[in-house]
Amino acid sequence: MSSEVVFDLEYLTRLEESARKLESTPQQRSEMMFKAQREVDAYLEQLSLDHPTGWVIPPKETQGQDKLVQPGQYQVQSGPNQVQSGPDQVQSGPDRVQSGPYQAQSGPDQVQSGPDWVQSAPDQAQSGPDRKQSGPDQVQSGPDQVQSGPDQVQSGPDQVQSGPDQVQSGPDQVQSGRGPHETEPLPIQENGVSIDEVLRDFSRIGDEMEREGHPGHMAYVPGNSTTPAAIGDFLAASFNPYSLNVASCRRAVKMQQMIVQWVGRLFGYPSACAGNLTSGGTVATMVAMTTARDQKVPRSKDYSRSVLYLSELTHDGVAKCLSTLGMREAVVRKVPVDDKYRMDVNILRKFIENDVQNNLLPFLVVATTGTTDVGSVDPVPAIRAVATQYNMWLHVDACYGGFFVLCNSAKHLFEGVETADSIAVDPHKGLYAPFGTGLVLVRNGTLLRNSNTRQHGNYMQDQLTNPEDWNPEDLTFEQSAHFRAPRVLLPLQLYGVATFRNALQEKLELAKYLYLRLKGQAHIQVVEPVLSTVLFRIPGVSDNTNRALLREITTDGRFFITTTTVKGVLYLRVIIFCYRTHRQDIDVFINKAKDAVVKMELPEVEFCHAG
């Protein structure tokens with residue numbers, strides 16, 4: 001039985017009028033971008049003042065009174081209330097900080113800066129190009145002359161207060177007033193709201209998130225993002241190409257392939273390598289492990305006797321991949337580390353020999369160049385020799401440490417990586433891209449392609465692709481993936497590789513600097529860093545005492561660090577990675593650590609250090 005198709009032109013017209021709301025004009029786009037940029041700028045300004053986990057704190061810091069280690073070209077000097085440095089020209093007194101390029105100066109009630117100068121008094125804020133001025137009840141800006149009274153935004157040393165919404169935050173509390181989305185996001189509604197309300201709601205995320213880009217955020221592996229990377233994401237989302245197929249957008253594919261091949265060359269891979277930008281290190285590892293599985297364990301009935309070898313410091317995301325790969329029943333061997341926190345190859349060999357004797361199937365070993373806990377680097381050449389002997393796949397986890405290969409002083413740490421069957425590395429770490437940017441490389445690109453090539457549906461039968469074209473969708477399980485290349489490529493093109501090399505080298509030097517400064521302190525044991533991670537502790541006391549030291553260092557909110565347990569020993573862990581973290585920040589941290597130890601009133605002991 002058939003029914004007549006009814007068509008209503010009037011109804012269609014109304015639908016079209018409603019749908020056209022999605023089509024913004026150039027002026028609307030400019031206004032939205034301007035307002036969005038204003039929110040971003042406001043957040044970035046907070047990074048210099050806020051607790052790295054989000055709470056507002058006073059901008060006053062003391063550099064201490066001790067004489068600093070002479071670090072050569074930086075010419076660091078200190079007196080009772082003064083620190084002076086070369087390139088950045090930082091000076092501080094009891095209530096004053098002055099810097100060179102941006103000429104920032106602060107006193108008890110004022111802050112002044114250079115190119116975009118900002119000056120504030122108890123009830124007043126003023127800025128240069130945008131001329132924002134606020135008093136007790138008003139905010140005023142220049143080009144668009146935005147004024148607001150009712151919101152009455154005020155901030156003090158430990159609090160933020162706003163008018164109608166009445167949001168207050170301090171180190172240990174958040175209070176919200178009226179409004180259904182004070183603790184929940186603005187709800188999805190039948191009818192839309194203004195861009196101002198949307199942005200105002202979104203900006204609240206900055207009150208709760210960890211300040212990943214804060215110079216005092218030295219926990220985990222802090223994420224960073226640059227302005228060109230954000231612009232790259234904006235362009236990618238605006239053009240919105242399907243970047244995984246040559247027929248859809250050859251240039252987008254080529255941009256991604258350029259990045260993959262460039263990273264391959266950094267590690268010494270041949271041009272026959274292949275890879276992909278992924279959503280992170282875990283997905284990059286999973287793509288590599290899938291290729292290893294297909295190559296070494298082609299029959300699913302053998303999954304239960306397959307063995308994966310990790311060190312006890314390997315990132316937990318590696319073993320997690322087994323479940324997603326359908327290999328939950330596979331055996332995982334955790335190999336102990338030696339006194340340098342590297343995988344013990346002799347124990348690895350013994351594990352493998354024993355497994356072979358028990359009719360198990362060793363198929364994959366994972367080496368790490370930059371462990372998350374310590375920053376240690378496994379002996380890849382020795383692990384490669386063992387993997388070759390037993391016909392195993394060697395994967396290298398370089399997610400944290402990988403891009404230190406750019407630094408001449410660290411290149412030797414990556415010896416042998418060029419022989420690995422696959423590598424995972426994170427541009428959202430070492431290249432300061434936004435979160436969600438991993439990269440997988442497989443030395444023999446054909447193996448990667450064999451594991452991921454799909455048979456296209458009939459709806460794509462008219463797409464003409466040259467046989468020599470390798471579509472990214474044939475090198476990963478992802479298909480409708482975000483165009484990630486611009487967030488990596490634009491910063492590299494704008495700043496040049498040298499800028500990233502220098503930033504990463506600075507982090508290596510800062511880690512050495514921190515180590516040397518802590519090494520000579522009574523009551524502190526410190527582990528010599530390999531990359532940019534420094535472990536230290538008070539030896540001979542309980543773990544609770546060391547946790548108390550952590551709380552004392554971080555209580556005022558200037559720094560965010562964590563503890564970790566390595567080989568059964570609890571340490572305080574500092575990872576210096578954010579590109580905004582510089583020597584003046586480390587000087588402040590050192591003095592906080594020293595003052596914290598003094599407050600604990602420990603008995604006199606000899607200087608002690610490890611490593």
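Other residues, nucleotides and ligands place more than 12 heavy atoms under 6.0 Å from the CE atom of M32. The neighbour count for K411 NZ, taken as heavy atoms of other residues, nucleotides or ligands under 6.0 Å away, is above 12. The local environment of CD in E415 is sparse, with at most 12 non-hydrogen atoms from other residues, nucleotides or ligands closer than 6.0 Å. Around the CZ atom of F234, the shell of radius 6.0 Å holds no more than 12 heavy atoms that belong to other residues, nucleotides or ligands.
Side chains of Q479 and Y242 form a contact here, defined as non-hydrogen atoms less than 4.5 Å apart. Using a 4.5 Å heavy-atom cutoff, the side chains of L313 and S376 are in contact. A heavy-atom distance below 4.5 Å is found between the side chains of W470 and T446. A heavy-atom distance below 4.5 Å is not found between the side chains of V366 and M343. Counting only heavy atoms from C-beta outward, the side chains of T291 and R449 never approach each other to under 4.5 Å. By the 4.5 Å heavy-atom criterion applied to side chains, V377 and R342 are not counted as neighbours. In this structure, the side chains of V318 and L310 come closer than 4.5 Å at one or more pairs of heavy atoms. By the 4.5 Å heavy-atom criterion applied to side chains, Y341 and V527 are counted as neighbours.
Side-chain atoms of Y579 and T226 include no donor-acceptor pair closer than 3.5 Å. Q261 and Q257 share no side-chain donor-acceptor pair at under 3.5 Å. Side-chain contact of S409 with Q505: a donor-acceptor pair under 3.5 Å is present, judged by distance alone. A donor-acceptor pair shorter than 3.5 Å cannot be found between the side chains of N452 and T476. Remark: the R487 side chain and the T437 side chain contain an N/O donor-acceptor pair separated by less than 3.5 Å. In the model, T533 has a side-chain atom that pairs as donor or acceptor with a side-chain atom of Y400 under 3.5 Å. A donor and an acceptor atom, one from each side chain of D41 and Q37, are located under 3.5 Å apart.
Here the side chain of T371 pairs a donor or acceptor atom with the backbone of G375 at under 3.5 angstrom. Under the 3.5 Å distance criterion, the side-chain polar atoms of Y269 are matched with a main-chain donor or acceptor of A420. Looking at R443, its side chain does come within 3.5 Å of a backbone N or O of E418 through a donor-acceptor pair. Between the side chain of R501 and the backbone N or O of C407, no donor-acceptor pair lies under 3.5 Å.
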Open item on the list: side chain to side chain contact (heavy atoms under 4.5 Å, CB included) for W393 and S422? Distances and angles first, verdict last.
Closed with: CA-CA 8 Å; W393 187 280; S422 57; 2.9 Å; yes

TODO: Determine, step by step, whether H428 and N224 satisfy the side-chain hydrogen bond (donor to acceptor under 3.5 Å, both in side chains) criterion, reporting the C-alpha distance in whole Å, the side-chain angles of both residues, the deciding distance to 0.1 Å, and the verdict.
DONE: CA-CA 7 Å; H428 66 213; N224 302 264; over 6 Å; no

TODO: Check the pair D421 / R384 against salt bridge (charged side-chain N to carboxylate O under 4.0 Å, His left out), numbers first and verdict last.
DONE: CA-CA 9 Å; D421 296 294; R384 172 76 271 176; 3.2 Å; yes

- [ ] Evaluate the criterion side chain to side chain contact (heavy atoms under 4.5 Å, CB included) for residue pair V574 and L514; output intermediate values, then yes/no.
- [x] CA-CA 9 Å; V574 176; L514 176 59; 3.9 Å; yes

- [ ] Determine, stepwise, if the pair D397 / T368 fulfils side-chain hydrogen bond (donor to acceptor under 3.5 Å, both in side chains).
- [x] CA-CA 5 Å; D397 178 352; T368 304; 4.6 Å; no

- [ ] Carefully, step by step, assess V253 and N245 under the rule side chain to side chain contact (heavy atoms under 4.5 Å, CB included).
- [x] CA-CA 7 Å; V253 171; N245 188 291; 5.7 Å; no

- [ ] Test L364 against H395 for side chain to side chain contact (heavy atoms under 4.5 Å, CB included), laying out the working first.
- [x] CA-CA 7 Å; L364 172 63; H395 175 71; 4.0 Å; yes

Task: From CA spacing to verdict: salt bridge (charged side-chain N to carboxylate O under 4.0 Å, His left out), R484, E478 - done: CA-CA 13 Å; R484 300 183 180 108; E478 291 186 273; 3.0 Å; yes

Task: Chi angles and distances behind the side-chain hydrogen bond (donor to acceptor under 3.5 Å, both in side chains) call for T372, H315 - done: CA-CA 7 Å; T372 310; H315 193 279; 4.6 Å; no

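Between G216 and P52, the shortest heavy-atom contact is O-CG, 3.8 Å. Contact record, P486 with M255: CG-CE, 4.4 Å, taken as the closest heavy-atom pair. Shortest non-hydrogen contact noted between S451 and T290 is OG-O, 4.2 Å. Taking all atoms of both residues into account, the shortest heavy-atom contact from C578 to P222 is N-CG, 4.3 Å. Nearest heavy atoms, P434 versus S225: CG-OG, 3.5 Å. The shortest non-hydrogen separation linking T278 to V440 is CG2-CG1, 4.1 Å.
The distance from the NZ atom of K512 to the NZ atom of K519 is 13.0 Å, given to the nearest 0.5 Å. Separation of atoms SG (C273) and CG (N444) is listed at 10.0 Å; rounding is to 0.5 Å. For the atom pair SG of C249 and CD of Q256, the computed distance is 11.5 Å after rounding to the nearest 0.5 Å. We find the OG1-CG distance between T499 and L504 to be 11.0 Å, quoted to the nearest 0.5 Å. Distance check: L531 CG to F404 CZ gives 5.5 Å after rounding to the nearest 0.5 Å. One finds the NZ atom of K507 at 11.0 Å from the CG atom of N502 (value rounded to the nearest 0.5 Å).
Residue Y513 forms a side chain to side chain contact (heavy atoms under 4.5 Å, CB included) with just one option from V534, L508, I586, I576, and that option is I586.
Aromatic ring pairs are classed by plane angle as parallel below 30°, tilted from 30° to 60° and perpendicular above 60°; the pair F267 and F403 is tilted. In this pair, H217 and F560 present their aromatic rings perpendicular. The plane angle is above 60°, beyond the 30 to 60° band.
A salt bridge does not link E212 to R580: none of the charged side-chain nitrogens sits closer than 4.0 Å to a carboxylate oxygen. A salt bridge links D587 to R517: at least one charged side-chain nitrogen sits closer than 4.0 Å to a carboxylate oxygen.
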